[in-house]
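So that the names make sense, note that chain A is the first sequence line, chain B the second, and so on, each numbered from 1.
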2 protein chains.
Amino acid sequence: MARVDPHPGRATTLSDVARLAGVSLATASKAINGRDQVAPATRRRVIEAAEQLSFSPNQLARSLIAGRTGTVGLLTSDLEGRFVIPILMGAEDAFGAGQVNVFLCDARGDAIREQHHLKALLNRRVDGIIVVGRQTDPRPSLGKDIPVPVVYAYAPSADPTDSSVTPDNVSGGRIATEHLLSTGRRRIAHISGDPTYAAAQDRAVGVRAALADAGLELVGDVMYSNWTEHWGRAAAAMLLAQHPDVDGIVCGSDQIARGVLDTLRDLGKEVPEDVAVIGYDNWEVLAINSRPELTSIDANLQQLGRTAAMRIFEAIDGTEPDAGVRQLPVRLVIRGSTIPRR
Amino acid sequence: MARVDPHPGRATTLSDVARLAGVSLATASKAINGRDQVAPATRRRVIEAAEQLSFSPNQLARSLIAGRTGTVGLLTSDLEGRFVIPILMGAEDAFGAGQVNVFLCDARGDAIREQHHLKALLNRRVDGIIVVGRQTDPRPSLGKDIPVPVVYAYAPSADPTDSSVTPDNVSGGRIATEHLLSTGRRRIAHISGDPTYAAAQDRAVGVRAALADAGLELVGDVMYSNWTEHWGRAAAAMLLAQHPDVDGIVCGSDQIARGVLDTLRDLGKEVPEDVAVIGYDNWEVLAINSRPELTSIDANLQQLGRTAAMRIFEAIDGTEPDAGVRQLPVRLVIRGSTIPRR
DNA sequence: CTGTTAGCGCCTTCAC
DNA sequence: GTGAAGGCGCTAACAG
């Protein structure tokens, strides 16, 4: 099949196709877009011509006419974080299935840069924007005078009239604790990360609520510091010194849990026989490779990204997106650190 | 300041601005784009009108005229992988500075989906494409009949006439080994990951070359299996049983190194005094939180992403991109697992 | 300096 | 069933 290239250096246009097929521009358009006011034979001729020229319709021109581009902006505050990526994946996946392409913009935690990217996205006439934050603490709203729908993911907007989706950390803390209780633990402590994070506070609320429901109290206070293995190791050592009879530890992150496991091992405690340990985030590289493997709470972040995308889809199709913060359910992943392997 | 909205529901256009400013379309265009054939007073009137209407120029229309969109496609085979993200970040950063926006497309390791995304990107008239792979093994070329420049990052194209950038794994293996040699180690072993990966083979070549240069040989064979902590633990146990006098271990990944550290600890070996351990990838969450902290090789992936972006920039500006695979230098990051902390 | 005119590539009435 | 004309929003020649 001879490829023809009428004007090298420039993409072939619909009029090239029309000319080659010996029809008018309008007819070619109809033939290619499957309009039904075209004779079958004509259509065939046009399609063949298009293939011969390897014609591909210019989306820019289409978008200009249609008034919508089939693109959305993913405006993230941070690409380093472990939490943003799965959300991105979920969103990209959901959009990809709907013929929508995503612009990725990383503001790197800088408000100026965010503003800059926002403007660029609007100039490119995206049909919607998902703002992905790195923490679950509320973030400033982009404001009300944005001409396209906006959904906030992970970090909800501080403005309750915006549409936000975020994981339910309170429920996560509760589920983790209930799981330990269900394995018969009664002396449960909570080692968490940076107390200035809403995530740390929310999870602690859930932990305390579950204990209260069982008529129990936390062993000691919640131990806050930061989300690292180092802290997990140090905190576990302090905890065991003060409360040698603790039999369950809810950790604020998988990293902390890894540190806790290390210290318990050093102290000669068996996990889960002597002490059960549960992490948070279900970061598989950490959770699956520890000894024993780590039970953890998974925030379903990819699903969260998909949900955000769905909201945008609906909003584009005219439905006003639900205002307020929607808390998405989290999921318990059971491994050897809470239930002995058979 | 009264916001005016001439035709609600539709974005304000340049002609709205022109009308409000009482000038022609062309003049408004010139005024806004800083052309210098406009009287200062007129320009001011136009700018004011634009602000009042919060006008933002439609990039689609501009792109249609200019013949280039100021967008590039980032076509990745995988967003899960640890290696793709830093490359994305580097590329996004480099492009962002140049007013270029990126379309993110995740093919999820599926050739069909890749083809699909490629077509979508071309229909959107991206000015260039970066293909980011998940391994350093060569991957199939997208082919020669793509009308925009393509650069392959991390996974080089199998076609040597394409332009590829990838980290220099041979050099990485060499640098790691030379570092151990420089600390006086002479009985060095190499525990690596999946031997079907080019990365594993390349690094082993570098390790062997460095030893040969020092008149030494590897202790035992290279131990291959997979890139996990589990394997690191198992391999170290086997190694120490057969060669108790080993005094340095080059690991194929930080995960493996973490496992090795665990086993050495269990066996009562001091790191780095008895055995020095070096990882690979400089994955900070693993490297910084281990005991001791892990010396590692950093592949400068963010820089790699930037380099790929620069190549695309040059290609867009007319320069033919360098054909062939460019190996980018890697970097040694020294921590406590090879040099005792003071 | 300013305005008029012609497109960029495509789609959509409307006559024929 | 097909083609001619108008326009999406903007810019780049040209005239005036």
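Rounded to an integer number of Å, the gap from B/R19 CZ to D/dG9 P is 11 Å. The CG-C1' distance, from B/L60 to C/dC10, rounds to 13 Å in whole Å. Rounding to whole angstrom units, CG of residue B/D36 and C1' of C/dT2 are separated by 14 Å. Rounded to an integer number of Å, the gap from CZ of B/R68 to C1' of C/dG9 is 19 Å. Taking atom CD1 on A/I65 and atom P on C/dC8, their separation rounds to 14 Å, with Å as the unit. In this structure, the CG atom of A/L53 is 12 Å from the P atom of C/dC10, given to the nearest Å. A/N33 places its CG atom 16 Å from the P atom of D/dT2, with the value rounded to the nearest Å. Following rounding to the nearest Å, B/R45 (CZ) and C/dC1 (C1') show an atom-to-atom distance of 12 Å.
Take the nearest nucleotide of DNA chain C for B/R125 and for B/G22: the residue whose nucleotide is more 5' is B/G22. The 5' end of DNA chain C is approached more closely, in terms of each residue's nearest nucleotide, by B/Q37 than by the other of B/A61 and B/Q37. Toward the 5′ end of DNA chain D lies the nearest nucleotide of B/L64, the other residue of the pair B/K30 and B/L64 mapping further downstream.
Under a 4.0 Å N-O distance rule, the pair B/R68/B/D317 qualifies as a salt bridge. Under 4.0 Å is where a charged nitrogen must lie from a carboxylate oxygen, and between B/K30 and B/D36 no such pair does. A salt bridge is defined here as a Lys NZ or Arg NE, NH1 or NH2 lying under 4.0 Å from an Asp or Glu carboxylate O, and A/R108 with A/D110 fails to meet this definition.
Using a 4.0 Å heavy-atom cutoff across all strands shown, B/L25 reaches at least one base atom of the nucleic acid. Residue B/A26 is in base contact, counting any heavy-atom pair closer than 4.0 Å across all strands shown. Residue A/T42 is in sugar-phosphate contact alone, with no base atom involved, counting any heavy-atom pair closer than 4.0 Å across all strands shown.
Put simply, B/T27 has a side-chain N or O that comes within less than 4.0 Å of OP1 or OP2 on C/dG3. Between A/R62 and D/dC8 there is no side-chain polar atom (N or O) within less than 4.0 angstrom of OP1 or OP2. Side-chain nitrogen and oxygen atoms of B/N58 include none within less than 4.0 Å of the OP1 or OP2 phosphate oxygen of D/dC8. Contact between the side-chain N/O atoms of A/R35 and the OP1/OP2 oxygens of C/dT12 is found at a separation under 4.0 Å. Contact between the side-chain N/O atoms of B/T13 and the OP1/OP2 oxygens of D/dG9 is not found at any separation under 4.0 Å. Between A/S29 and C/dC10 there is no side-chain N or O to OP1 or OP2 distance below 4.0 Å.
Distance from the side chain of B/L14 is smallest to D/dT11 among C/dC10, D/dT11, C/dT2. Among C/dC1, C/dG9, D/dC10, the nucleotide with an atom closest to any side-chain atom of B/P57 is D/dC10.
Shown are B/I47, B/I32, B/D16, B/L20; of these, the side chain to side chain contact (heavy atoms under 4.5 Å, CB included) with B/F55 is made only by B/I32. When each of A/V132, A/D159, A/L142 is paired with A/Y152, the side chain to side chain contact (heavy atoms under 4.5 Å, CB included) condition holds for A/L142 and for no other.
The closest side-chain donor-acceptor pair between B/S56 and A/N123 falls under 3.5 angstrom.
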